[in-house]
Amino acid sequence: MYPTGLQVGIQTSSRVNFVNTMPAMHRSPVHQRSPVQMRKTKAHSTIAPPATITETELTALTRAATEERGLAMDGVEAANSGHLGLPLGAAEIGAVLWGKSMTYNPEDPKWINRDRFVLSAGHGSMFIYSWLNLAGYDLPMDELKRFRQHHSMTPGHPEFPNSEHTTPGIESTTGPLGQGVSNAVGMAAAEKMAAATYNSPDHKIIDNHIFALAGDGCLQEGVAFEAAAFAAHEKLDNLIVLYDANDVTLDKMAEFTQSEDVITRYKAMGWDAVVVDGHDMEAVYTAIENAKSDNNGKPKLLMCRTIIGKGIDEVAGTNAAHGEAGVKFTSDSRAKLGLPEEKFYVSPETREFFKGRKDELKKSYDDWQATYTAWKAANPALATQLQDAIDRKTPSVEEMFAQIPARDPEVNEATRISGSTALNDIAAIFPDVISGSADLHGSNKNYIKAGGDFGGDEALGKAYTGRNVYYGIREHAMGAILNGFAYYGLNRPSGATFLVFADYMRSPVRVAALAELPVSYIWTHDSVGVGEDGPTHQPIEQVSSLRLIPNLDVMRPADPEETVGAYVATMERQTGPTALILTRQNVPNLKEIPVETRRNGVIKGGYIAKKETGDLKTIILASGSELSIAMDAAKELGEGVRVVSMPCMERFDRQPDSYKEEVLPTACRKRVAIEAGASAMWYKYTGLDGNVIGVDRFGFSAPGDIVFKELGFTSENVVNTVKSL
């Protein structure tokens, strides 16, 4: 909504027109506008556009915007599915971005110094597909014609290149509202970190901007607010968010659900925020260029007043325009726009314009390559580090283990403490590893020593070269920002909080798994062993529920050496995220198991921790802090008992059938599993003849050892359970 009572105007020639922009919820009835009236009202701007676009350019960009509207109509009509509102309403914004303002090279879509564009409002995906095609990316028109079809390059919502889709120019997987704009915050932080790390006084090789196009739905989501506060606090002035403000959400006109003063809210957080006529390309261009050139420590919000579904008069400006309701009017609408009957039409003039734009950008790209070559010659060590980061160069598991010394077998400690040591060992091997926490570094123990603190406030001891990110109490934003770091591609990010608060992060964790991002999560205080803090802080269902997310490895190591294995596994994995589930309480160092067996066993997900000395009669499975309990029970039960450590079900399930049979012979059906969490998932290993010792109720406040005993996590209970089978 407009700022309360703010007078905003657009200068046209020698006159300035002003409108009252009081939010609809605060207007008297005389000021209320119907949807039809709203879509016929010209949006106004706080930006007075100078003549910065030539008449020739303006003509070409206007033509391109019209043809992009046609492509969007045709794509949604062909699929009989999709969202027309944003692609039509934001067409001029797209024309300015790809036709004038953004720096990119369609021939090298992974160029490290390209501007990034994130379509946070991912439902409007025909917008980005159309512009990528027009701008010359390797996204053929035939793929636009296959919008939302199986195995096409144009899925319903944009997907970061992965094993299912490879669409050049897509910088992040979006669709869950608020995630994309928060990813953009992470990318902006990553750019700041890269610029501070690699630029030299003589050579600037990183100086790109991050753009995001977001709608009312994105900004209503709490994650966007969390991320925006972080962006302002860390002075991410390389971030430009274009807010497609069209007074519409899916259900109703936006006034049904929002009345806040968005401009003032963002200014209060520390952003620069202006109102722009989103259909006035000169105004949009001027606002973007001002934002790009103003390195004042403030991220930029450009509130672009637009008409949703512009071009289809029957629905424009109403919530009906959001989806495909306008499809039945597209033939007449295309004709009114001056488009020919030919579907998916792009004029030769538009193709020629973007060829010229591509040639112009190529000159800038070639100039950058010359600077990059000179920088590499002057900074060979940094050049190697940067190339390793780009390539995600990773030593073998054996090489990583060789660089991490064995732990003191006499020391019993919490795996979060073991994790601290392992993280710092890993950080010494990988200079691109970064860590962070949602206000819990002291508890999570995930601080990279001598790594410095990330941020833009030198008075607080921060620098953009810092490897420790302080997210504040913003778990949801942390998850999305971690994804942004991963999308940017020059860091191996990890973030930490208590496991019970992982639920706050669930949406970005799911997206990371879908997008196959190598992000690491460090979630500590992993069970009812938390103790005195009680059931609000004692995880029960969290580990099992996380195991339900496809492509997320969930690792719950049992002792210091298994923890080393878990951290090495996170670095080895390139195709998805990993969750490290660590204890608050001390656990024994299981020194009776060889170091190599523990470390390599974790890499495989499960292994034989104690082999039977006689005929195999019983298998006890365990993970994490319960492995030592299983080991003690096996000693009492005698020679026919095997103990299997199962720190990561996902890794174990990916092993060859021969290995799984070696560890869990099908002939042995007498099995018991023990884990201080929900029991259901363990039955896939114990079967109908086995049993599981778990927690299928909430815990209670008491010292952790008492909670464990009361809930049956004792070797005595394991022995009795085995004997009862």
Side-chain angles (χ1 to χ4, degrees), residues 118 120 172 174 176-190 192-193 210 212 214 217-237 239 241 260 262 265-271 297-299 301 434-448 453-457 460 462 464 466-488 491 493-512 517 519-525 536-537 542 577 579:
V118 177
S120 188
S172 72
T174 57
L177 295 179
Q179 293 298 319
V181 71
S182 305
N183 296 157
V185 172
M187 294 180 192
K192 287 289 189 183
M193 185 176 288
I210 313 300
C218 290
L219 299 195
Q220 282 190 15
E221 291 285 358
V223 65
F225 182 80
E226 291 181 20
F230 174 90
H233 190 72
E234 300 304 352
K235 306 182 187 303
L236 304 182
D237 53 15
L239 173 63
V241 174
E260 71 266 27
V262 174
R265 174 157 68 93
Y266 271 76
K267 284 184 175 181
M269 284 190 286
W271 287 58
K298 294 183 177 185
L301 179 76
I434 61 173
S435 190
S437 180
D439 202 47
L440 288 170
H441 275 108
S443 297
N444 301 140
K445 307 298 183 186
N446 67 313
Y447 191 85
I448 298 175
D453 300 331
F454 173 84
D457 194 336
L460 294 176
K462 294 182 177 182
Y464 287 129
R467 299 173 70 183
N468 297 287
V469 184
Y470 284 77
Y471 291 99
I473 306 89
R474 303 183 183 104
E475 293 89 354
H476 196 174
M478 176 174 70
I481 291 169
L482 289 171
N483 289 352
F485 270 107
Y487 287 131
Y488 195 83
N491 290 104
S494 66
T497 187
F498 292 154
L499 174 59
V500 78
F501 300 141
D503 289 341
Y504 285 135
M505 303 173 61
R506 195 172 186 88
S507 182
V509 171
R510 185 180 188 275
V511 172
L517 301 179
V519 176
S520 300
Y521 308 106
I522 300 170
W523 288 322
T524 69
H525 297 57
T536 60
H537 284 55
Q542 276 73 18

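Positions are given from 1 along the sequence.
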Can you name the nearest heavy-atom pair linking Ala214 to Leu219, along with the distance?
CB-CD2, 4.4 Å
Distance-only donor-acceptor hits, side chain of residues 478-487, under 3.5 Å, sequence neighbours excluded:
{"residue": "Asn483", "atom": "ND2", "partner": "Pro508", "partner atom": "O", "Å": "2.9"}
{"residue": "Tyr487", "atom": "OH", "partner": "Thr173", "partner atom": "N", "Å": "3.1"}

May I ask you to test the Tyr470-His441 pair for a side-chain heavy-atom distance under 4.5 Å?
yes
Quick one, Asp237 with Lys192, criterion side-chain contact (heavy atoms from CB on, under 4.5 Å). Give me CA distance, side-chain angles, the key distance, then yes/no.
CA-CA 9 Å; Asp237 53 15; Lys192 287 289 189 183; 2.6 Å; yes
Near Tyr504 OH, under 6.0 Å, is it more than 12 heavy atoms from other residues, nucleotides or ligands?
no
Name all residues meeting the ring-ring contact (aromatic ring centres under 6.0 Å, His included) criterion together with His537; count only those two or more places apart in sequence or in a different chain, and write none if there are none.
Phe501
Checking Glu475 now: which residues fulfil salt bridge (charged side-chain N to carboxylate O under 4.0 Å, His left out) with it, not counting sequence neighbours?
none
Qualifying residues under side-chain contact (heavy atoms from CB on, under 4.5 Å), relative to Leu440, sequence neighbours excluded:
Ser437, Ser443, Asn444, Thr497, Phe498
Ser494: what forms a side-chain contact (heavy atoms from CB on, under 4.5 Å) with it, not counting sequence neighbours?
Ser435, Ser520, Ile522
Please give me the minimum heavy-atom distance between Ala184 and Ile210, naming the atom from each residue.
O-CG2, 3.6 Å
For Gly442, is there any backbone N or O sitting under 3.5 Å from a side-chain donor or acceptor partner on Lys445?
yes
In Å and rounded to the nearest 0.5 Å, what is the NE2 to CG distance from His233 to Leu460?
6.0 Å
Does Ser120 reach the main-chain N or O of Val181 with its side chain, forming a donor-acceptor pair under 3.5 Å?
yes
So CD of Gln179 and NE2 of His476: to nearest 0.5 Å the spacing works out to 4.0 Å
Nearest 0.5 angstrom please: Met187 CE to Ser172 OG, how far?
4.5 Å
Closest contact, heavy atoms only, Pro176 versus Ser507
CB-OG, 4.1 Å
Mind checking what makes side-chain hydrogen bond (donor to acceptor under 3.5 Å, both in side chains) contact with Lys462, not counting sequence neighbours?
Glu234
Residues forming a side-chain contact (heavy atoms from CB on, under 4.5 Å) with Arg467, sequence neighbours excluded
Ala427, Val433, Ile434, Ile448
Using the ring-ring contact (aromatic ring centres under 6.0 Å, His included) criterion, which residues pair with Phe225? Sequence neighbours excluded.
none
Which heavy-atom pair separates Ala496 from Asn446 by the least distance, and what is that distance?
CB-ND2, 3.3 Å
To the closest 0.5 Å, what do you measure between CH2 (Trp271) and CG (Leu236)?
8.5 Å
Could I get the full list of side-chain hydrogen bond (donor to acceptor under 3.5 Å, both in side chains) partners for Tyr488, not counting sequence neighbours?
Asn208
Distance from Gln220 atom CD to Glu260 atom CD, nearest 0.5 Å?
6.5 Å
Return the set of residues passing side-chain hydrogen bond (donor to acceptor under 3.5 Å, both in side chains) with Arg265 (not counting sequence neighbours), or none when no residue passes.
none
Residues passing the side-chain hydrogen bond (donor to acceptor under 3.5 Å, both in side chains) test with Asn491, sequence neighbours excluded, are none
Taking only residues two or more places apart in sequence or in another chain, which ones pass side-chain contact (heavy atoms from CB on, under 4.5 Å) with Gln542?
Leu499, Val500, Asp503, Pro539
